[in-house]
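A short worksheet on the structure shown next.
Every value quoted in this text rests on a predicted model; they were computed, and no experiment measured them.
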Amino acid sequence: MDSLRLPSSIKPVHYDISITPEMDAQPEPFFAGTECISLRISEPTKTIVLHALELELTNVHVTIPAPDGPLSIAATLTLDKPIVTLTFPDELPVNGTADMKPIAGAPDVLLHLDFRGEFRTSELCGFYRSTYSLPDGTVKSLGVTQFEPTDARRAFPCFDEPSFKATFTLSLVVPAWPSGEDPQRIVHAVSNMPVQSTDTHPTTPGKTIVRFGRTPIMSTYLLAWVCGDLVRLEGQTESGTVVSVMATPKWDIEKQAHFALDVATKCIPFFEKLFDIRYPLPKMDLLAIPDFSAGAMENFGAVTYRETRLLIDEDSSAAIKQATCRTVCHEISHMWFGNLVTMEWWTYLWLNEGFARWAEYLATDYVYPEWHVWDSFVSDVSEAALALDSLESSHAIEVPVKNPAEINEIFDNISYSKGGSVIRMLASTMGHDVFVEGVREYLKAHLYSNATSENLWVALSAAAQRHNVSLNVSEFMAPWIRQMGCPLLTVYDADRPQKQPQPQPSEAQQAAAASTQESTNTTSTAT
């Protein structure tokens, strides 16, 4: 096992987290939190290994049921960023099987931690503070999270790998808001699930505790929360899912959110029918964030966007509308392909992003068929992939990732555009209906779990076999995803004699030749 990966013998089952953001604190804004993690342990151990980065941890202990009341055992902490090892004086009880099923009658093991961190300002990741100005010049703050790929550990201690899926309940302690506000229009705290309750803080005047519902089973990088002043425009899908577009009060939400809202309410039912799986959450929020590094992020039920990717005027150009529509469809497709079924490890990132790049065109073509977006797929997507893939610095679609520091390097046009292009090629080769049948089988087989490329190929091959399509998908796709570059196809006119094509020198060979020529020129001049 790679030392940078967490042990698989301890698994989180549920996180109960409370966060108190102090965005206006002096001299430095900070946040404080408490959490309780329900653990499943399959082997005897005295240690728990998890992630925490730039957090101060205190009051770390486990509780275990006992006849005379819960037994509390304090831990000794060893920090090796971003890994935290908690050591206990005695072995913790085993309460899970080798395949992490619960053992009947075994005790619950609860890990308790208090933590504190500073809001990030130099990097837009973890739990950070975004700022914006109102028309009168007033500067306001918004607390925002961005956890993909490995920054949940900057906001709360966790098992921050895609395969350590769990459920989450979250509470945010935020400033109390004025009475009489319209909750359908003005929002102060958002997370993946709807608000379950709001209560006045029992000991801190001027504070409100906002509790959110329990999430589905999901990876840590998909958890999200936003706190601050937001205005909302709300709609509903044909199946009853509440869809909201939210932004800071500087925006005219009534005018600039309608387009994105309309796209979202149409593409959710489209994907429900395409995948034959209902969207599992009761709501979908699309949040425009003033300071945001990515184009958008597919947090389950609370998708965050760069403002310019979500809020547009009705008279915006066709190009801007198409870009917004594709972005909304891309992120919503992740709710199924990425969130319900998640890559087992970052090696398979392209499964998320390549598929979503293909799906965004499929959904956009459904919402706006008059745009004929497939006509521009090759020029906009495939050629972008070819441009990067022609460089010696390129990489295969599927590359082994051992160190989490390598993950950001593969968020590029190879994973997105080349991945989307080979998915489109495979769908065309198999036939759209057969391909979709295989995708449905794959999703249903791995619902709320993790998967690899091979799991997808198995499901697609089974669908192909049922429809007498002679194709071993695994063998067919292996060179496309595991080799860098694309095949060279040379076409000859049979009626004309042709010179054999000469192989083109690589970039390294060209550089070496140029260096040799420069050296020769320098020597000649000196002579």
Would you say Asp262's side chain and Thr265's backbone share a donor-acceptor pair under 3.5 angstrom? no
Tell me whether the centres of the aromatic rings in Phe292 and Tyr305 are closer together than 6.0 Å. no
For Arg153, which residues count as a side chain to side chain donor-acceptor pair (under 3.5 Å) partner, sequence neighbours excluded? Asp160
Would you please classify the geometry between the Phe31 ring and the Phe119 ring as parallel, tilted or perpendicular, with 30° and 60° separating the classes? perpendicular
Would Lys165 and Thr342 count as having a side-chain donor-acceptor pair, cut-off 3.5 Å? yes
Find the distance between CG (Leu351) and CD1 (Ile481) and round it off to the nearest 0.5 Å. 7.5 Å
Check for a donor-acceptor pair, side chain of Gln256 on one end and backbone N or O of Ile312 on the other, with a separation under 3.5 Å. no
Are a donor atom and an acceptor atom from the side chains of Ser453 and Trp350 found within less than 3.5 Å of each other? yes
Under a 3.5 Å distance rule, please check whether Arg185 uses its side chain to pair with a backbone N or O of Leu233 as donor and acceptor. no
Have His188 and Asp229 got a donor and an acceptor in their side chains that come within less than 3.5 Å? yes
So Thr198 and Thr208, side-chain hydrogen bond (donor to acceptor under 3.5 Å, both in side chains) or not? Walk me through it. CA-CA 7 Å; Thr198 57; Thr208 295; over 6 Å; no
What I'd like to find out is whether the side chain of Asn450 reaches to under 4.5 Å of the side chain of Tyr348, using heavy atoms alone. no
Heavy-atom pair of closest approach, residues Pro12 and Ile37: CB-CG2, 3.9 Å
Non-hydrogen atoms of Pro216 and Tyr448 that approach each other most closely: CB-CE2, 3.6 Å
State, to 0.1 Å, how close Gly126 and Arg154 come at their nearest heavy-atom pair, and which atoms those are. CA-CB, 4.1 Å
With a 4.5 Å limit on heavy-atom distance, are the side chains of Val84 and Thr78 in contact? no
Please check this pair: side chain of Ser382 against backbone of Ser421, looking for a donor-acceptor N/O pair closer than 3.5 Å. no
Taking Arg129 first and then Asp291, would you say they form a salt bridge - that is, a charged N and a carboxylate O separated by under 4.0 Å? no
Could you walk me through whether Tyr132 and Ser130 pass the side-chain contact (heavy atoms from CB on, under 4.5 Å) check? CA-CA 7 Å; Tyr132 62 95; Ser130 176; 5.7 Å; no
Under 3.5 Å side-chain donor-acceptor pair for Thr169 and Arg214: no
Check for a donor-acceptor pair, side chain of Arg211 on one end and backbone N or O of Ser197 on the other, with a separation under 3.5 Å. no
Is the backbone of Thr204 close enough, under 3.5 Å, to the side chain of His201 for a donor and an acceptor to pair up by distance? yes
Does this structure show an ion pair linking Arg5 with Glu344, if we count only N-O contacts that are shorter than 4.0 Å? yes
To the closest 0.5 Å, what do you measure between CG (Asp412) and OG (Ser417)? 9.0 Å
Indicate whether the side chain of Thr215 and that of Thr167 have a donor and an acceptor atom separated by less than 3.5 Å. no
Atom pair CG (Leu287) and CE (Met297), whose distance is rounded to the nearest 0.5 Å: 13.0 Å
Set of residues satisfying salt bridge (charged side-chain N to carboxylate O under 4.0 Å, His left out) with respect to Glu238, sequence neighbours excluded: Lys273
Between Met23 and Leu142, which heavy-atom pair has the shortest distance, and what is it? SD-C, 3.7 Å
Could you tell me if the side chain of Arg232 sits less than 4.5 Å from the side chain of Ile186, heavy atoms only? no
For Gln236 and Thr241, does a side-chain donor sit closer than 3.5 Å to a side-chain acceptor? no
Is it the case that atom NZ in Lys207 sees more than 12 heavy atoms from other parts of the structure closer than 6.0 Å? yes
Run the side-chain hydrogen bond (donor to acceptor under 3.5 Å, both in side chains) check on Glu307 and Trp251 step by step: do they pass? CA-CA 10 Å; Glu307 290 176 324; Trp251 292 92; 2.9 Å; yes
Do any N or O atoms from the side chain of Thr324 and from the backbone of Lys321 form a donor-acceptor pair under 3.5 angstrom? no
Indicate the ring-plane relationship of Trp374 and Tyr361, choosing parallel, tilted or perpendicular according to the 30° and 60° boundaries. tilted
Without hydrogens or angle criteria, can the side chains of His330 and Glu353 be said to hold a donor-acceptor pair below 3.5 Å? yes
Side chains of Thr304 and Asn299: any donor to acceptor distance under 3.5 Å? yes
Apply ring pair (Phe, Tyr, Trp, His ring centres under 6.0 Å) to Trp225 and Phe127, showing your working. CA-CA 9 Å; Trp225 61 83; Phe127 186 21; 5.5 Å; yes
Euclidean distance, Leu6 CG relative to Leu50 CG, rounded to 0.5 Å: 7.5 Å
Give a yes or no on whether the backbone of Ile320 and the side-chain of Ser317 come within a donor-acceptor separation of less than 3.5 Å. yes
Looking at every non-hydrogen atom in both residues, tell me the closest pair between Lys283 and Ala302 and how far apart they are. NZ-CB, 4.2 Å
Mind checking whether Tyr416 and Phe411 have parallel, tilted or perpendicular rings, split at 30° and 60°? tilted
Less than 6.0 Å separating the ring centroids of Tyr221 and Phe147? no
Phe271 vs Phe275 aromatic rings, parallel, tilted or perpendicular, using cut-offs 30° and 60°? parallel
What's the separation between atom CG in Leu223 and atom CD in Glu148, rounded to the nearest 0.5 Å? 13.5 Å
With distance as the sole test, does Asp16 use its side chain to make a donor-acceptor pair with the main-chain N or O of Phe168 at under 3.5 Å? no
Would you sort out whether Arg40 and Ile10 count as a side-chain contact (heavy atoms from CB on, under 4.5 Å), showing the intermediate values? CA-CA 6 Å; Arg40 190 159 294 156; Ile10 299 179; over 6 Å; no
Side chains of residues 363-371: which donor-acceptor pairs under 3.5 Å do they make with residues two or more places apart or in other chains?
unit_1: Thr364; atom_1: OG1; unit_2: Glu360; atom_2: O; d: 2.7

Identify the heavy atoms of Glu314 and Phe259 that sit nearest to each other, and give their distance. OE2-N, 3.6 Å
Can you find a heavy atom in the side chain of Ser18 that is under 4.5 Å from one in the side chain of Glu35? no
Answer with yes or no whether the side chains of Asp313 and Ser316 bring together a donor and an acceptor at under 3.5 Å. no
In sequence, state the C-alpha distance, the side-chain angles, and the governing distance for Val341 and Trp336, and then conclude on side-chain contact (heavy atoms from CB on, under 4.5 Å). CA-CA 6 Å; Val341 179; Trp336 290 264; over 6 Å; no
In sequence, state the C-alpha distance, the side-chain angles, and the governing distance for Glu398 and Thr347, and then conclude on side-chain hydrogen bond (donor to acceptor under 3.5 Å, both in side chains). CA-CA 6 Å; Glu398 186 174 291; Thr347 291; over 6 Å; no
Backbone of Ala224 reached by a side-chain donor or acceptor of Ser191 within 3.5 Å: yes
Would the Phe337 and Tyr442 ring centres measure less than 6.0 Å apart? yes
How long is the span from the CZ atom in Arg116 to the CD atom in Glu22, to the nearest 0.5 Å? 9.0 Å
